[in-house]
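Below is one structure, written out as structure tokens; comments come after it.
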Amino acid sequence: MSQDVLGNAVSTADSRALQGINAFILGYLGYDLRLVDILGVADQSDDCLANTYAGLLWMLSETGDIPAEALRYRDRAGASFDRALPREKLLFSVLEASIAEDPDRIIALTDTILAEWPRDLVTLKLRQYHDFIRGRFTDMLAIALKSEDAAGDIAALHGMLAFGFEQCHDLTAAERSARRALEMDPSEPWAQHALAHVFLTQGRIEEGIVFLEERSAGWEHLTSFMYTHLWWHLALFYLAENRVDEALEIYDQHCWGRERSFSQDQVGAVSLLVRLELAGADVGQRWNALAEWLAPRQEDVSQPFLTLQYLYGLLKAGRTEGEHLLQCIENLSGKTLPDQQAWTLVGIPLARGLKAYLSHDPVMAQHYFEAALPHLQDIGGSHAQRDLFLQIQKDITRQLSRTSA
């Protein structure tokens, strides 16, 4: 029986399909562009696992809806389901649960897979993604710890541990895991990312700048998210030293322009522009240029963390799509969605607060921010990413102090 690159049994006897599966595994774990090769491989193969991975890749594209391509690959995988191994059948069920937008079933299925096959790090990373977007950081760490004994020889596992520790505020353990990953593979991007978080949180600004600058030449092969996000982190370090012009140059050269239709690139651009303006930069027409790509998001309420940043960018540019998106958010009141609590406690009031802030009404903005911020973790995103809303609140406080002076 064949095995994948991590030693997990696979049913395929097709060498090209196996090569594509391995490229996807390594690409997904390492944020390498080769992960998209699975799409062409799946198109040429009836292999269940290859088509399942292709469908999952589309579900991770955060288009705000259910991509038709995900359904197509789901159907292709289903046609060969009977020939799949038990782990592969469970992964197919994960794809079905993703399409059904059933996060609780995704969690249950990934728990089952990882209990039996702890070296299935694709499933582990997929599970961490779903924990992360729901703000369940202790779960994100706990599930990675369960694979440590079985997969401790793989650098990516330690990168996943490092980020889990960091999000759970154990910075010492986070740095230890990140450095272990980098000893095993100096190019491991998620470990670089986790260590950047540690440096920023601990105020080790100069150390963070040197660390990221030294590694930036190795980022060209990364997916757009990882490429832009690592540069985004370097821009935050520059802003911490008031090197505003250099941070603006990172926006232009690296953070906005890789894959402008992708959600993570879009919200990274929004959050960096906000920070640049708060630091006193003149961003010129950049909001208008960005809003052209945000406009198709005018009905995307798939994740509150993402939606709030789409909303900010559209309202900031004065686009009518921003008002439409705000109404879509308002319409979520009283619904029974999987992430309804996040919308009720954070998303809806924070959307109202952003509207008030951009309408120069700091009193009303403060009212909504005070209601939402105690529950901010519920919308997911990292500490550094959620800090955007804390920075806006500080500006609201400054505006109110000037008004009362």
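Scope of the values below: all heavy atoms of this structure, side chains included, with no hydrogens, waters or symmetry mates.
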How long is the span from the [atom1] atom in [X] to the [atom2] atom in [Y], to the nearest 0.5 Å?
X	Y	atom1	atom2	answer
Thr307	Leu350	OG1	CG	11.5 Å
Asp185	Leu29	CG	CG	11.0 Å
Leu109	Leu95	CG	CG	11.0 Å
Leu248	Arg243	CG	CZ	14.0 Å

Any side-chain donor near an acceptor of the partner, [X] and [Y], under 3.5 Å:
X	Y	result
Tyr238	Asp245	no
Asp361	Ser359	no
Gln285	Asn288	yes
His229	Gln264	no
Glu62	Ser263	yes
Gln309	Gln266	no
Gln192	Trp219	yes

Sub-6.0 Å ring centroid separation between [X] and [Y]:
X	Y	value
His383	His197	no
Tyr312	Trp287	yes
Phe199	Phe211	yes
Phe262	Phe225	no

Taking all atoms of both residues into account, what is the closest heavy-atom pair of Glu188 and Ala156, and its distance?
OE2-CA, 3.9 Å

Where do Gly30 and Leu222 come nearest, in terms of heavy atoms and distance?
O-CD2, 3.6 Å

Donor-acceptor pairs are to be reported for all side-chain atoms of residues 16-28 against protein atoms at under 3.5 Å, with residues two or more places apart or in another chain.
unit_1, atom_1, unit_2, atom_2, d
Asn22, OD1, Val5, N, 2.7
Asn22, ND2, Leu18, O, 3.4

Ion pair present between [X] and [Y], side-chain N to carboxylate O less than 4.0 angstrom?
X	Y	result
Asp46	Arg83	yes
Glu96	Arg105	no
Lys125	Asp120	no
Lys355	Glu323	yes
Glu175	Arg204	yes
Asp252	Arg286	yes
Glu69	Arg72	yes

Hey, are the side chains of [X] and [Y] touching, using non-hydrogen atoms and a 4.5 Å cut-off?
X	Y	result
Tyr73	Leu56	no
Leu39	Trp58	yes
Phe163	Met140	yes
Val10	Arg87	yes
Gln385	Trp232	yes
Ile205	Leu200	yes
Arg134	Asp378	no
Leu376	Ile379	yes

Any donor and acceptor pair, going by atom type alone, linking the side chain of [X] with main-chain N or O of [Y] inside 3.5 Å?
X	Y	result
Glu116	Ile113	no
Ser271	Leu388	no
Ser216	Glu213	yes
Ser45	Ala42	no
Thr112	Ala108	yes
Thr110	Ile107	yes
Thr223	Leu33	no

May I have the step-by-step check of salt bridge (charged side-chain N to carboxylate O under 4.0 Å, His left out) for Arg260 and Glu292, ending in yes or no?
CA-CA 10 Å; Arg260 293 179 177 177; Glu292 289 292 329; over 6 Å; no

Show your reasoning for whether side chain to side chain donor-acceptor pair (under 3.5 Å) applies to Thr63 and Asp65.
CA-CA 5 Å; Thr63 57; Asp65 56 8; 2.5 Å; yes

My understanding is that only residues two or more places apart in sequence, or in another chain, count here; which of them pass side chain to side chain donor-acceptor pair (under 3.5 Å) with [X]?
X	value
Asp300	Arg297, Ser302
Asp395	Tyr357, Arg398, Gln399
Asp282	none

Walk me through it: do Ser98 and Ile106 pass the test side chain to side chain contact (heavy atoms under 4.5 Å, CB included)?
CA-CA 7 Å; Ser98 300; Ile106 292 171; 3.6 Å; yes

Any pair with a residue in residues 151-173 that passes side chain to side chain donor-acceptor pair (under 3.5 Å), sequence neighbours left out, goes on the list, sorted by first then second residue, please.
Arg119-Asp153

Check step by step if salt bridge (charged side-chain N to carboxylate O under 4.0 Å, His left out) holds for Asp47 and Arg76.
CA-CA 8 Å; Asp47 181 73; Arg76 289 176 59 86; over 6 Å; no

If we check side chain to side chain contact (heavy atoms under 4.5 Å, CB included) with Tyr227, which of these qualifies: His254, Glu259, His221?
His254

Which side-chain N or O atoms in residues 332-339 pair as donor and acceptor under 3.5 Å with protein atoms at least two apart or in another chain?
unit_1, atom_1, unit_2, atom_2, d
Ser333, OG, Glu330, O, 3.2
Lys335, NZ, Asn331, O, 3.4

Counting only heavy atoms not in Gln202, do more than 12 sit closer than 6.0 Å to its CD atom?
yes

